[in-house]
Amino acid sequence: MARKRLNSTFFNRKTLIVAEELLGKYLVRKSGDQILSEMITETEAYTGGHDLASHSSKGRTKRTEVMFGKAGTIYVYFVYGMYYMLNIVTEETGYPSAVLIRGTQNFKGPGILTRSLNIDATLNNKPLGKQSGLWIEDRGKIILKSKIKKAPRVGVSYAGPIWANKKYRFLLKELH
DNA sequence: ACGATGATGAAC
DNA sequence: TTCATCATCGTA
């Protein structure tokens with residue numbers, strides 16, 4: 001089957017489009033001599049500085065700086081004293097948006113996912129690719145719109161009702 | 001329903 | 001420098 005590594009062109013588009021199209025793509029992690037690939041089944045879009053659920057709504061800080069970077073850059077942050085969250089920066093450089101990878105076929109939940117794939121803050125601000133040992137492949141799998149469920153993002157009530165209720169979370173209804 | 005566990009950012 | 005909060009998860 002055809003197998004194409006997604007580059008910055010894929011990620012340099014509207015965040016909602018990228019988040020939806022990442023469903024069915026394969027997250028590939030190469031660390032040491034082992035390589036794992038997992039089909040992405042759940043994502044969330046954080047659409048820019050105006051999005052009150054996005055870290056970037058705080059403006060440029062040490063933590064959010066990476067979100068202003070080039071599309072396809074890895075944004076990993078540490079939360080709840082235990083878990084790393086994996087995001088991919090989207091849209092034009094200078095526009096602070098990203099997609100959170102929330103789950104794959106075998107790993108449910110963003111914290112479990114990163115733990116299982118050995119993803120931590122050392123990957124932060126690095127580009128997806130062979131160099132970093134983390135990239136995403138299109139393996140030609142077709143995802144029908146009818147198989148995609150849209151829902152509010154998880155754990156963002158602090159953003160207020162307008163932003164917390166937006167259906168910026170994308171899930172595959174059936175896994176196979 | 002809640003505790004583990006530490007970085008973050010806002011307030012002081 | 002303190003303090004509440006947090007893009008979570010397992011146990012209850």
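Distance A/D120 CG to B/dA7 C1': 15 Å, rounded to the nearest Å. Atom CZ in A/R63 sits about 10 Å away from atom C1' in C/dT5, given to the nearest Å. In this structure, A/E65 places its CD atom 16 Å from C1' of B/dT8, rounding to the nearest Å. Rounding to whole angstrom units, OH of residue A/Y80 and C1' of B/dC2 are separated by 13 Å. To the nearest angstrom, P of B/dG6 lies 10 Å from OH of A/Y84. To the nearest angstrom, C1' of C/dA7 lies 19 Å from NZ of A/K167. Atom pair A/K108:NZ and C/dA7:P shows a separation of 23 Å (rounding to whole Å applied). Look at CD1 on A/I112: it is 17 Å from P on C/dA7, rounded to the nearest Å.
Between A/H55 and A/Y46, the gap from one ring centroid to the other reaches at least 6.0 Å.
Both distances falling under 3.5 Å, in either a Watson-Crick or a G-U wobble arrangement, place B/dA1 opposite C/dT11.
Looking only at atom types and distance, the side chain of A/T61 has a donor-acceptor partner in the side chain of A/T64 under 3.5 Å away.
When the options A/L123, A/I119, A/N124 are evaluated for a side-chain contact (heavy atoms from CB on, under 4.5 Å) with A/L86, the one that passes is A/I119. Shown are A/T122, A/L113, A/D120; of these, the side-chain contact (heavy atoms from CB on, under 4.5 Å) with A/Y84 is made only by A/D120.
Judged by distance alone, with hydrogens and angles left aside, A/Y77 brings no side-chain donor or acceptor close enough to the base of B/dA7 to form a pair under 3.5 Å.
The residue A/G81 sits close to a base: some heavy atom pair falls under 4.0 Å. At a threshold of 4.0 angstrom between heavy atoms, the contacts of A/M82 include nucleobase atoms, whether or not backbone atoms are also involved. Nucleic acid contact class of A/R153 (heavy atoms, under 4.0 Å, all strands): none.
For the P atom pair drawn from B/dT5 and C/dT2, the interatomic distance equals 22 Å after rounding to whole Å.
The phosphate of C/dC9 has neither OP1 nor OP2 within less than 4.0 Å of any side-chain N or O from A/R115. Regarding contacts with the backbone of C/dA7, a side-chain N or O of A/H55 is found under 4.0 angstrom from either OP1 or OP2. For A/Y158 and C/dA7, the shortest distance from a side-chain N or O to OP1 or OP2 is below 4.0 Å.
Listed candidates were C/dC9, B/dG9, C/dC6. Nearest to the side chain of A/T64 is B/dG9.
Within the 4.5 Å cutoff, the side chain of A/L128 has heavy atoms near those of the A/I136 side chain.
In this structure, A/F78 does not pack face-to-face on the six-membered ring of B/dG6, missing the 5.5 Å centre cutoff or the 30° plane limit. Between A/Y83 and C/dT8, no base-stacking contact is recorded for ring centres under 5.5 Å apart and planes less than 30° from parallel.
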